[in-house]
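Below: one structure, written as structure tokens.
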Protein chains: 2
Amino acid sequence: MTKADRSPADHDGGRARLASHPAFQLAQLGSHIKGRFTAHLAPLNIAPRHFDMLALLTDADGLTQQQIAEELNIHRNVMVGLVDELEARGLAERRRHPTDRRAYTVHLLPAGRELLRKADRIFDGFENDELLATLTTAERQTLAELLRRVAAAAGLHRGVHPAFHGSPE
Amino acid sequence: MTKADRSPADHDGGRARLASHPAFQLAQLGSHIKGRFTAHLAPLNIAPRHFDMLALLTDADGLTQQQIAEELNIHRNVMVGLVDELEARGLAERRRHPTDRRAYTVHLLPAGRELLRKADRIFDGFENDELLATLTTAERQTLAELLRRVAAAAGLHRGVHPAFHGSPE
DNA sequence: TATTGTTATACTCTATAACTATA
DNA sequence: TATAGTTATAGAGTATAACAATA
């Protein structure tokens, strides 16, 4: 007996129960997106968390490790290894904080800016040509605005991205 | 020197860069929702994955472990422990497959149905009173429909929920 | 006394491979 | 030869606690 004999793909009765609930749809899509974006970034040898960090440094260069960790919603312990990786690849570097000798500030290097440009193109391509290809421009704007309000109400203001961390799926 | 001296909360320049991109918003919200729903379910001593499984069995009782694993997008190895837990708590039970002696079918027990009812109320309360409280009824429908189309285009049809598995955040 | 960066440790999730009993 | 369930193992990822240097 094979699997097809047992599962005629017809037990789909009320299963759509959850499928029309935004809370469920959002959780499902969020996980899917993280996995897909991770795959798209793989050729650059970076993970979404590196993308997040490079993007943050582009807009706010010279933050301390703690500040970066807070913005990205990750622990400062993890930050250590993250900065280590970027530094080892010449994408960013640590400098002593000008007035607080306990702290390091993190700065983007030219190689980091260039890598971010490539990652940005990958992100845009994924979003426009793959994820949202089925929506019109107006619909994309409507979606973005609704999501913005939901995210704001949830306290997810600013550019923080706890979703892009961790392992996909 | 204190943290506030260094971070006047003003380095928010172009950081909204990603914040208006649906791909990013969805990933961010998905992660947030998983964490919140996990917290809401904690009093019932179950995780979102148990909720998913109970919900699936309600609509399609008697699936084999493999079939459940496929629907929920988890590995069959993990399925073993999951069924073990539900069985130990009297929420579901294994029965020998009527014709394939290698397989077990999984069936919901009364205690499982009751627990699912409670979990359903928690889910609805979270979605309506917390997550989507800021949207009107019409806006919620618009959001659900846009998400449905994006999910369908991504191949996330049916009631599968890879997003509710794993650890939150 | 609190904070920054760091390291060590344990705990959870997940991914792979192998085993058994069946088909 | 392939499949269902199971188990063991190793690998990520994360969370906690502690430490030295500095505030």
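What you see below is based on every heavy atom in this structure, not just the backbone, and it leaves out hydrogens, waters and symmetry mates. All chains are named by letter (A, B, ...) in the order of the sequence lines, taking the proteins before the strands, and each is independently numbered beginning at 1.
- Here B:Gln67 does not reach the OP1 or OP2 of D:dA4: none of its side-chain N or O atoms lies under 4.0 Å away.
- As a whole-Å value, the separation of B:Arg96 CZ from C:dT22 C1' is 9 Å.
- Residue-to-nucleotide contacts include a donor-acceptor pair under 3.5 Å from the side chain of B:Arg102 to the base of D:dT3.
- OP1 or OP2 of D:dT14 has at least one side-chain nitrogen or oxygen of A:Arg49 nearer than 4.0 Å.
- If you measure from atom CD1 of B:Ile74 to atom C1' of C:dC13, you get 12 Å, rounded to the nearest angstrom.
- For the OP1/OP2 pair of D:dT6 and a distance below 4.0 Å, the side-chain nitrogens and oxygens of B:Arg94 include at least one atom meeting the criterion.
- Residues meeting the side chain to side chain contact (heavy atoms under 4.5 Å, CB included) test with A:Arg101, sequence neighbours left out: none.
- Applying the side-chain hydrogen bond (donor to acceptor under 3.5 Å, both in side chains) test to every pair with at least one member in residues 110-120 of chain B, sequence neighbours left out, gives these pairs: A:Arg17-B:Asp120.
- The number of heavy-atom neighbours closer than 6.0 Å to NE2 of B:His107, taken from other residues, nucleotides and ligands shown, is above 12.
- Tracing side-chain contacts under 4.5 Å through hydrophobic residues (I, L, V, M, F, W, Y), one never reaches B:Val78 starting from B:Leu54; they form parts of separate clusters.
- Dashed line: the shortest gap from a side-chain N or O of B:Gln65 to OP1 or OP2 of D:dA4 is not under 4.0 Å.
- With rounding to whole Å, B:His97 atom NE2 is found 9 Å from D:dG5 atom P.
- Look at OH on B:Tyr104: it is 16 Å from C1' on C:dA23, rounded to the nearest Å.
- DNA chain D lies under 4.0 Å from at least one heavy atom of each of the following residues of residues 75-87 of chain B: B:Arg76, B:Asn77, B:Val80.
- The distance from atom NZ of A:Lys34 to atom P of C:dT14 is 11 Å, rounded to the nearest whole Å.
- The separation between B:Arg101 atom CZ and C:dA23 atom P is 5 Å, rounded to whole Å.
- Judged as a ring-ring contact (aromatic ring centres under 6.0 Å, His included), the pairs with a partner in residues 124-154 of chain B (not counting sequence neighbours) are, in order, B:His40-B:Phe126.
- Atom-to-atom, CD of B:Glu70 to P of D:dA4 comes out at 8 Å; the value is rounded to the nearest Å.
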Quiz: residues 80-87 of chain B side-chain donor-acceptor pairs under 3.5 angstrom, not counting sequence neighbours:
| residue | atom | partner | partner atom | Å |
| --- | --- | --- | --- | --- |
| B:Asp84 | OD1 | B:Arg94 | NH2 | 2.1 |
| B:Glu85 | OE1 | B:His50 | NE2 | 2.5 |
| B:Glu87 | OE1 | B:Arg94 | NE | 3.2 |
| B:Glu87 | OE2 | B:Arg94 | N | 2.8 |

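- A side-chain hydrogen bond (donor to acceptor under 3.5 Å, both in side chains) check over residues 140-150 of chain B, counting only residues at least two apart or in different chains, returns the pairs A:Glu139-B:Arg149, B:Asn128-B:Arg140, B:Glu145-B:Arg148.
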